[in-house]
Amino acid sequence: MASVSVLKDASSAAIYGARGTFGVILITTKEPNKEKISVNYTGNFIMKSPTVVPDVVTDGLEFTELYIESYKGWQGAAPSKFHSSLKITDKWLNNLRNGATGVVTESNGNYSYYGSTDWFDLLYKDMAYGHEHNLTVQGGGEKANFLVSGRYYNQGGIFEYDPDDYSMFNIRAKGSVKVTDWLKVSNNAEFSNMSYHNPTNVGEGSVWYALESEGQPVNVMFNPDNSLTQAGATILGSFYYKNNYQDTNRRNVRNTTSFVANIFRDILTLNGDATVRYTDNRQNGVQSPVPYKTAENGATKYMGSAYDGIYTSNHTKGYIATNLYAQYAQTFGKHDVKLMVGTNYEQETYNYMFMHRNAKLFEGADDIALTTGSQNINSSYYKWRIGSGFFRANYVFADRYLFEVNGRYDGSSKFPTIQQWKFFPSASFGWRVSQEPFWKISPDAISNLKFRVSYGSLGNGNIAAYRFQELFSLSTQERLLNNSKNLVTSVPSPIPAGLTWETATTANFGLDLGLFNDKLTFVGDYYIRKTTGMYCAGTELPAVYGASAPKGNYADMTTRGWEIVLSWKDQFSLGGKPFSYEIKGTLADSKSVIDNYPNDEKYIGAGAGTGIQNFNYYSGMTLGEIWGFENDGYFTAADFDANGKQIAGPNQSWVQNNNSRTWQPGDVKFKDLNGDGKIDFGNSKVGDSGDRKIIGNKLPRYTYSLNLNFGWNGIFLSAFVQGVGHQDWWAGGDNSMFWGQYSRPYSNIPADMIGNWWTPDNPDAYWPRYTGYIAHQGSRTLHIPQTKYLQNVGYIRLKNLQVGYSLPKKWIEGVKMQAVKLYVSGENLWCWSPLYKHSKQFDVNSIMGEDSETLSLVSSGLYSSPIMADGGSNYSYPILKAFTFGISVTF
């Protein structure tokens with residue numbers, strides 16, 4: 001890439017299409033070197049590892065004792081087993097307490113397990129390796145030029161068994177020909193091919209959830225005869241046998257042909273381009289049961305016996321875009337005038353085909369033709385088109401006053417005929433004060449001062465196709481009628497009364513300031529964006545309606561925000577040679593408020609069973625707000641009489657803290673905010689929310705970055721730091737890496753939690769009395785959002801650090817080299833977050849959802865797994881840190 005530009009205000013982005021409503025990123029690829037042919041090679045060797053590997057309790061006896069305690073805390077009685085793969089008997093427990101280790105074969109031939117297994121150590125490698133190679137050839141002259149570049153990248157996976165593997169091949173060919181003095185034709189073509197091998201898990205759908213379910217350290221992976229245990233089959237069996245996986249191959253072809261016709265002596269030009277892009281995404285997957293044994297001479301059992309099949313899918317996208325526009329430019333003394341008018345057309349067609357069939361003919365079969373069982377075939381299709389006409393008029397007077405007017409008239413096939421078209425105007429003004437005749441301040445003090453203001457609207461039509469139409473779905477009836485299964489359909493989902501463009505109208509106020517001959521520069525912007533006709537779900541409807549509310553243009557929202565960029569760039573002499581450096585920092589913030597939404601009762605929603613998600617919009621709502629309870633410490637012995645009956649504090653019977661709903665010292669206590677003597681949700685309305693209040697906001701605030709660049713005598717050093725000042729996060733249910741056994745008693749126990757829960761001798765501990773299941777679901781004590789356990793997940797991260805050396809030219813001239821660079825870089829080397837004060841078991845940047853590939857498999861019905869999306873789960877592929885050793889050579 002030659003440059004990257006970000007256009008954010010309505011005026012600057014208006015010309016770049018209906019899908020650039022909230023800004024445009026312009027990526028300019030490098031132009032060929034016209035002086036001579038040159039060849040550049042860059043090679044990298046890469047080492048990667050997880051930034052965080054969970055540090056959990058791996059001692060079997062310690063884990064078991066805490067499991068029993070947490071289970072009793074909820075159930076009131078001792079457990080008879082762990083989740084499913086291991087029973088707890090008095091004999092087994094006594095043996096464990098008396099020092100039994102490993103695998104013991106009982107007199108009846110059954111295996112008993114007394115392990116201290118670190119399952120995460122078995123899951124991940126210490127290091128994964130990759131390599132990257134780039135080759136560029138470029139050259140040309142005044143009439144023609146070319147640039148051809150290719151890249152191959154391969155990265156080995158981090159799993160110990162059946163590592164995931166990723167590879168990418170790219171090639172680009174770019175060039176231009178000056179056909180005549182007035183006509184230039186250019187072409188930019190690229191091809192990419194991506195391959196990814198992703199091992200899947202037949203035990204629980206996700207390897208991370210399987211590890212939570214069966215990853216108790218007392219379990220082991222192998223039996224004495226090297227067969228897998230039940231836990232081993234559940235967690236890593238699919239990886240060990242390499243018999244459950246999904247292979248993805250994605251090919252992308254893109255070509256842009258453009259021309260510039262200088263019709264009248266640089267005054268009138270005609271420009272046009274046409275882009276064709278085709279993406280082919282193929283996935284092939286294999287499902288296989290995993291064998292395991294529970295007894296020495298017992299029969300072989302199979303994990304995931306319901307999954308024995310092969311599936312294949314193919315996603316294709318064809319995209320066409322054309323632009324044709326004329327530009328007029330003329331200077332009349334101090335007056336510069338530019339006019340542009342043009343048209344734009346875009347079209348995308350999508351096809352999807354899925355086939356799945358059970359019953360492979362033999363183990364190792366990997367083609368759907370080698371299956372004989374029941375089959376499932378599915379497909380989908382869409383097509384959308386966008387047409388636009390646009391114009392731009394620029395006027396500059398004396399290089400001081402800059403005026404611009406833009407307009408777009410956009411139409412989209414995604415909307416009903418009578419609502420397809422809309423006009424979006426914008427205008428901007430700039431004043432270069434430092435160019436005024438009255439400006440007498442020396443450039444050594446203030447070298448540039450410019451004020452900017454813009455106002456305009458853009459349309460957002462990024463919704464799925466056919467949302468305004470009643471769509472029927474077909475399915476096969478399970479009941480036989482006339483000796484056959486018949487096709488049936490159902491009543492289609494409700495549709496909105498109308499559907500049209502979402503309009504974002506932005507007013508932007510900017511200041512550009514340069515000091516000390518532009519060594520110090522400042523760019524600041526303040527903006528107000530009014531979004532009307534927001535596309536969102538309608539108001540929650542009564543259950544008797546029988547269907548979910550359709551999405552439509554139901555809401556209006558105002559966003560206020562600001563952005564600043566401050567940089568210092570200079571150089572001085574060090575050891576007789578120039579030392580150059582640049583420091584650049586950015587800081588931004590915004591807040592969005594719902595102005596209008598059809599929820600007159602201001603119903604909040606989000607019952608206890610849904611934790612943090614699914615809040616309704618309401619007028620006056622700040623986007624991202626989190627409603628929850630306010631903590632009031634723990635119950636103490638003084639809150640109960642001699643018989644254990646509560647005698648002080650609010651009635652918390654609505655909240656469940658154990659199976660018998662009896663409260664004890666060390667349990668979480670909430671504040672009675674409305675003074676009615678009980679803790680509940682009230683009617684879940686603003687002003688009638690029971691004891692809930694707004695306790696935080698899940699959207700990031702105060703995003704920032706820092707770029708550092710230094711260069712001296714061929715040595716260069718750069719660093720990039722990025723972060724978020726504040727962001728609230730509620731861990732939600734099924735999140736054992738945060739809650740430990742407070743979620744499920746058999747879950748992993750974070751090591752940093754040990755000794756930090758309430759006991760009579762430790763009444764000020766961070767965690768409450770040790771009780772399982774209270775962070776799991778429903779209205780349980782730690783499942784409902786609350787102030788004490790709401791986390792600030794703001795962070796600061798060292799994203800990249802690079803140091804290198806450019807060899808002196810006199811060293812390489814003899815071998816016909818123009819430049820040689822050696823460098824070492826690191827990514828994600830360090831991170832700090834307030835979250836780490838209470839939990840260090842996952843990277844702060846991996847908390848906002850589950851593994852995307854797993855979710856796709858589950859949603860397709862290929863595996864079953866609990867969906868842990870109740871506020872933010874961390875069951876996903878880990879964030880990786882990387883060390884790269886590279887060389888760049890130019891001939």
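Computation of the quantities below employed the complete heavy-atom set of this structure, encompassing side-chain atoms and omitting hydrogens, waters and symmetry-equivalent molecules.
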Closest non-hydrogen atom pair between Arg744 and Tyr209, with its separation: NH2-OH, 3.0 Å
Distance-only side-chain donor-acceptor flag, Gln216 / Asn219, under 3.5 Å: yes
Side chains of Glu212 and Ser747: do they bring a donor and an acceptor to under 3.5 Å? yes
Heavy-atom distance under 4.5 Å between the side chains of Tyr634 and Pro763, does that happen here? no
Out of Val56, Asp59, Ile754, Thr58, which residue meets the side chain to side chain contact (heavy atoms under 4.5 Å, CB included) rule with Ile749? Ile754
Please tell me if the side chains of Asn243 and Val290 come closer than 4.5 Å, counting only heavy atoms from C-beta onward. yes
Can you check whether Trp730 and Phe629 have ring centres sitting under 6.0 Å from each other? no
Between the side chains of Asp308 and Tyr302, is a donor N or O closer than 3.5 angstrom to an acceptor N or O? no
Closest contact, heavy atoms only, Ser876 versus Ser846: OG-O, 3.7 Å
Can you tell if the side chain of Leu228 reaches within under 4.5 Å of the side chain of Tyr241, non-hydrogen atoms only? yes
With Tyr240 as reference, evaluate Phe222, Tyr292, Phe159 under the ring-ring contact (aromatic ring centres under 6.0 Å, His included) test and give the passing residue. Phe222
Between Trp92 and Tyr113, is the ring centre distance below 6.0 Å? no
Would you say Phe82 and Val218 make side-chain contact, with heavy atoms under 4.5 Å? yes
Taking the six-membered ring where the residue is Trp, are the ring centres of Tyr742 and Tyr770 under 6.0 Å apart? yes
Hey, are Glu65 and Arg97 close enough for a salt bridge, meaning a charged N less than 4.0 Å from a carboxylate O? yes
Flag side-chain contact, heavy atom, 4.5 Å: Phe883 against Leu829: yes
In terms of the angle between their ring planes, are Tyr67 and Phe63 parallel, tilted or perpendicular, with boundaries placed at 30° and 60°? parallel
